[in-house]
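Note that the structure is predicted; figures quoted are calculated from it, not measured. Convention: sequence-line order gives letters A, B, ...; per-chain numbering from 1.
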Amino acid sequence: MKLMTAAKVTNRKHIMPGYNLLRVHAPDIAHSSQPGQFLHVLCSDTLDPLLRRPISIHTVDKDRGTVSLLYRVAGRGTAMLSDYEQLNIMGPLGNGFTLPPANSKVLVVAGGIGIAPLYFLLQKLSENGSVADVFLGASSAGHLLRIKDINELGHSVQVATDDGSSGYHGRVTDICSPDFISGLDMVYTCGPRPMMRALAKIIKKHNVPGQFSLEERMGCGVGACLACACKTRTGHPEEFTYSHVCVDGPVFSASEVVWE
Amino acid sequence: MKLMTAAKVTNRKHIMPGYNLLRVHAPDIAHSSQPGQFLHVLCSDTLDPLLRRPISIHTVDKDRGTVSLLYRVAGRGTAMLSDYEQLNIMGPLGNGFTLPPANSKVLVVAGGIGIAPLYFLLQKLSENGSVADVFLGASSAGHLLRIKDINELGHSVQVATDDGSSGYHGRVTDICSPDFISGLDMVYTCGPRPMMRALAKIIKKHNVPGQFSLEERMGCGVGACLACACKTRTGHPEEFTYSHVCVDGPVFSASEVVWE
Amino acid sequence: MRTDINLGVNCAGIKMKNPVTTASGTFGFGEEYAHYLDLSSLGALVVKGTTLHPRKGNPPPRIIETPCGILNAIGLQNPGVDIVVDEILPRLQQFSIPVIVNISGDTPDDYGLVAKKLDQSYAACIEVNVSCPNVRKGGMQFGSDPAAAAEVTRVVKANTNLPVIVKLSPNVTDMVRVAQSVAEAGADGLAMINTLLGMKIDIHTMRPVLGNTMGGLSGPAVKPIAVRAVWQVFKETNLPIIGMGGITCADDALEFIMAGATAVAVGTANFINPRATVDIIEGIEQFLVKNGYSDVNQLIGKAHQ
Amino acid sequence: MRTDINLGVNCAGIKMKNPVTTASGTFGFGEEYAHYLDLSSLGALVVKGTTLHPRKGNPPPRIIETPCGILNAIGLQNPGVDIVVDEILPRLQQFSIPVIVNISGDTPDDYGLVAKKLDQSYAACIEVNVSCPNVRKGGMQFGSDPAAAAEVTRVVKANTNLPVIVKLSPNVTDMVRVAQSVAEAGADGLAMINTLLGMKIDIHTMRPVLGNTMGGLSGPAVKPIAVRAVWQVFKETNLPIIGMGGITCADDALEFIMAGATAVAVGTANFINPRATVDIIEGIEQFLVKNGYSDVNQLIGKAHQ
Ligand SMILES: Cc1cc2nc3c(=O)[nH]c(=O)nc-3n(C[C@H](O)[C@H](O)[C@H](O)COP(=O)(O)OP(=O)(O)OC[C@H]3O[C@@H](n4cnc5c(N)ncnc54)[C@H](O)[C@@H]3O)c2cc1C
Ligand SMILES: Cc1cc2nc3c(=O)[nH]c(=O)nc-3n(C[C@H](O)[C@H](O)[C@H](O)COP(=O)(O)OP(=O)(O)OC[C@H]3O[C@@H](n4cnc5c(N)ncnc54)[C@H](O)[C@@H]3O)c2cc1C
Ligand SMILES: Cc1cc2nc3c(=O)[nH]c(=O)nc-3n(C[C@H](O)[C@H](O)[C@H](O)COP(=O)(O)O)c2cc1C
Ligand SMILES: Cc1cc2nc3c(=O)[nH]c(=O)nc-3n(C[C@H](O)[C@H](O)[C@H](O)COP(=O)(O)O)c2cc1C
Ligand code: FES
Ligand code: FES
């Protein structure tokens, strides 16, 4: 079920400088959302800025009928999001993550705000009794989000920062040791493209499957405008096609994506 | 002195359905404003709507350093005006009313929101010890503004409404009897163009001078874009020129304007 | 829907139950929006630009926001006319509304071949795109030269019995001349405007943002240009016009109708409000009622009187 | 102002201490804005369009807001070149910045006569407006035909020793051709873009809003079109370009510079922020510092590399 609705904002929180958490009342969406899906959110009540912004579903509360969004204030649109009493949203949109079979060995890698959709996945994993290893990477400690909450879900967290202000000093992909990776059943990730590209290379080498949540600039969010193109493989090794992040994704199999 | 300043909004009041009063702290403007002058007000903090809106100075409080604006919610721009903590304003702009010599017989005619600049004039008149006759016209009683305050300034008010819901049933110009008009030294007015045109005709007949505050769509507000053109007479009876409401007006001598 | 108000129009021989349709490329094949509105309530459905062979389209980014507008450089990604005719159009039959297929090609012959295939399909009408700024060959090239636009029109007409609407480019010195030229070549109607050629540079990467460097500008920003184009062409030709460019609400649609459009198409606005089309249909009806009109046809070209 | 950063540019032989000037017709003769900023801090001042004889201009309304833009139909109201030369330019001398006079005419000879009068004045440069959409004769007519634009350019050049900048219309199929044509005719620089032809209908009165029916679209809405025009023309000609169209902030200005503009002009934005020009000068400097550049000339055409 896909909806457009004016959802009442029931809570807003600045969780860290530049990061907000917004909760809206949208029972139908709360009940039908899967981890990895997103909402297409109207940021302005004028014509500037014009387009909706895609924001992942961060967590849902079916009992209260609420959906939470975790977002980084990246520009003008996201800067306006916390101004309203009501938020006009479309969703849930896109194809989310597929949960692994019970007792799978799972790694979840989040780069910065990439944790937004992955937290919902981590909730589902712990509901299923699965425990995941979670690697969080960020430029510095101030961009590491939700560590405590992830621990509370029962998952173990490792951290890497570019400036060494927290955890391993370096890239999050550097803490993916070959031994560890090769023992995995599935890698879930969302983050900056260079991080995901590097991770795709690593898991390919060890033949581990991955579910990667991609970003692309969007128009419609429903597959109508063909704007959110992402290069993917076809049957032929020499060929490619353009898939669309809003309907074919945002979650793609790592091996499907042409990482250039 | 002309200024651009971000003025703090110190008070906002819905005085009647569709009419708001806004007070801003702008001491320099409060001290230098004359009745009939206006502010050029930024309505949006995005690019839509784009242009500033001209709003008359309704009253000033020099002691507190505040300026008040009385405005009708006419469209998108004015609908936004009460949203802000600060208002970006330019002003005071334009040429205002010239006060009459002491003991002059003065009529002030306001059509609807036309009272906005005239109230400031009425304040100045009563400061000078002058008493004016004030005729207020509107479509219906719900658009008659500030009657009580004008009475408190010591002026006498007569009212006309198109639907007869208050005062005389008909146009405000219908209560301008020839006897009354011919005894006047000056007529001040602001209101819809048809009203002002009719009034201009009446006072011309009786050789009474008038100071009329005109409206025209504006760009710059400072005489740079030449958008706010208003047809005025030159020396030659056959000729005309385009004056500019923002710098040559908004107050014009009634005889100067080509009323078509 | 009030029974005493007529919203129906006849546009280039297509009977539309109201004057509102979709702008090609902004509404997919309609089905993408079927969750958000009842497609059968549209006056007509204009589907994505279709070519002889499937096309991959341009590399991303394909879209970028601009003040009150967007730039797109999709590059006519589409499955090719065969899939459209064999798989998609049959599915659209269920909605019982006229389906207008927008077509493009590299050469006039391409257009002709596509038209021929559509002639036997469920399509109600062909919209000839001689104005796409986002492909290297064909596209705008045809649309900016009156003779080339006429040539494409003639070839399409020769290959189909369906009504043919030619979609004009605003990126020309004189749209009226192109309009007159395709009218003489047998066009049954005109659609205008396609997007304006534009671009955006990212000052941080110091490179053009779009994968294709330039793109087509659409959305509210272009509305004044589109209204002017409809006004000018209405004055100088007799063909019915589907007006578009920046329509977001009923007031916008009415502006185009008063300028001379028989029907209007909603494009970019669908992305912001997927129910824009149906909201506009309702708003037009309300305007008629409020202003004492009984038929939307009374307003076509009204601003010229 | 930092001394280790060079903001100065040489544009068509005019030395500008920074690349920011005003768009003709949006800044009067400068004095109107003297309360709001120090005019002497501008790179140059481009004044209102001037003609041989005084002009009354068009009937009101002359301006109307559109999404992220405005339509204007001022119609070149101006006091005529004699008053400009005898009264206004001498007053502007006090600001010690290059003053560029924008000129228009009904015939090439008109342009020539105005140019001749300016030749002996305080003007530093002549900007030839072959692109005004708001007057019946001349104006855009010249700008939409490469040969006519070249003819006007030649006549102006023959009548003055001042540098001559030709201001191009975006309402053409091929701006590059017009640019090349005026370049061959001797233009020293190009200014682009003038406004796009547009209109608005008031759906309540059911009539065009502007007194002149059509008007010129400017403001942020047109920025993508203007950036594209600068990009295209920079690629194909060697003349310096004054870029304009929707510039409101330093980021916008930098986009034009990277597209190929040597200088930029601020138009509609002055109405919203009378200090837009000086804010932009400051913003450009900050950008240079932040990104490790020492000279704004390093960024001209940068996006082409
Ligand atoms: C499926 C999906 C899910 C997302 N989920 C989240 C989320 O849960 N939380 C969150 O904070 N963000 C999320 N994003 C990213 C978010 O949509 C953008 O940050 C947002 O659109 C920026 O809007 P803005 O107006 O604030 O910034 P803008 O002013 O539009 O842009 C700011 C900067 O971000 C870049 N940018 C903008 N949009 C995109 C895009 N789509 N792809 C790449 N770069 C872009 C611009 O180039 C610019 O540098 C998601 C994106 C996608 C596609
Ligand atoms: C010198 C001057 C002083 C003014 N003082 C006041 C004042 O004190 N209080 C007050 O309420 N209003 C005043 N106005 C009018 C006020 O500027 C407009 O009502 C306002 O600009 C409308 O903006 P909007 O965005 O709300 O409406 P819009 O959406 O822009 O327009 C709403 C309606 O108003 C019409 N309109 C808009 N601007 C003008 C205009 N300048 N002239 C004529 N019609 C217009 C439009 O055509 C439309 O029908 C003054 C105007 C001028 C020129
Ligand atoms: C994403 C996108 C894709 C488009 N694809 C096509 C197309 O395939 N064929 C076509 O003729 N026009 C295409 N257009 C142009 C639109 O049909 C329409 O002419 C234009 O967008 C102006 O209308 P709007 O401002 O309402 O969007 C496309 C526009 C957009 C925004
Ligand atoms: C009110 C107004 C008056 C203008 N007058 C002239 C003019 O006299 N001569 C000219 O060449 N351009 C004129 N222009 C065009 C501007 O100089 C500029 O090319 C255009 O507005 C685009 O820039 P902008 O979007 O920054 O306003 C005028 C524009 C406006 C808005
Ligand atoms: S955003 Fe329109 S197809 Fe994905
Ligand atoms: S508004 Fe610009 S001259 Fe009056």
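Under a 3.5 Å cut-off, the side chain of Arg62(C) and the backbone N or O of Leu226(A) do form a donor-acceptor pair.
Within the 4.5 angstrom heavy-atom criterion, no atom of Thr66(C) approaches chain A. Heavy atoms closer than 4.5 Å to chain C are found in the side chain of Leu42(A), but not in its backbone. Contacts between Pro59(C) and chain A at a heavy-atom distance below 4.5 Å involve backbone atoms as well as side-chain atoms. For Arg76(A), no part sits under 4.5 Å from any heavy atom of chain C, backbone or side chain. Only the side chain of Tyr36(C) comes within contact range of chain A, with at least one heavy atom under 4.5 Å from a heavy atom of that chain.
Applying the 6.0 Å contact sphere to CZ of Arg91(C) captures more than 12 heavy atoms from other residues, nucleotides or ligands. By the neighbour-count criterion of 12 heavy atoms within 6.0 Å, atom CD of Gln93(C) is densely surrounded, having more than that number from other residues, nucleotides or ligands. Other residues, nucleotides and ligands contribute only 12 or fewer heavy atoms inside 6.0 Å of the CZ atom of Arg171(A).
Atom CZ in Arg217(A) sits 12.5 Å away from atom CD1 in Ile70(C) (nearest 0.5 Å).
A 4.5 Å side-chain heavy-atom check between Pro61(C) and Glu216(A) finds at least one atom pair inside the cut-off. Here the side chains of Pro274(C) and Met90(A) are in contact, with some heavy-atom distance below 4.5 Å. Using a 4.5 Å heavy-atom threshold, the side chains of Met218(A) and Ile63(C) count as separate. Taking 4.5 Å as the limit, every side-chain heavy atom of Cys225(A) sits out of range of all side-chain heavy atoms of Phe27(C).
Considering all non-hydrogen atoms of both residues, Tyr242(A) and Pro60(C) come closest at CE2-CD, 3.6 Å. Ile74(C) and Ala227(A) get closest at one heavy-atom pair: CD1-CA, 3.7 Å.
The residues Arg52(A) and Glu65(C) are annotated as not salt-bridged, no charged nitrogen and carboxylate oxygen being separated by less than 4.0 angstrom.
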Tell me, with the steps shown, if Val222(A) and His35(C) meet side-chain contact (heavy atoms from CB on, under 4.5 Å).
CA-CA 10 Å; Val222(A) 301; His35(C) 290 275; over 6 Å; no

Gln77(C) and His244(A): CA distance, side-chain angles, deciding distance, side-chain contact (heavy atoms from CB on, under 4.5 Å) verdict
CA-CA 11 Å; Gln77(C) 178 169 19; His244(A) 296 97; 2.9 Å; yes

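Screening Leu50(A), Thr46(A), Asp48(A) for a side-chain contact (heavy atoms from CB on, under 4.5 Å) with Cys68(C), the sole residue that qualifies is Asp48(A).
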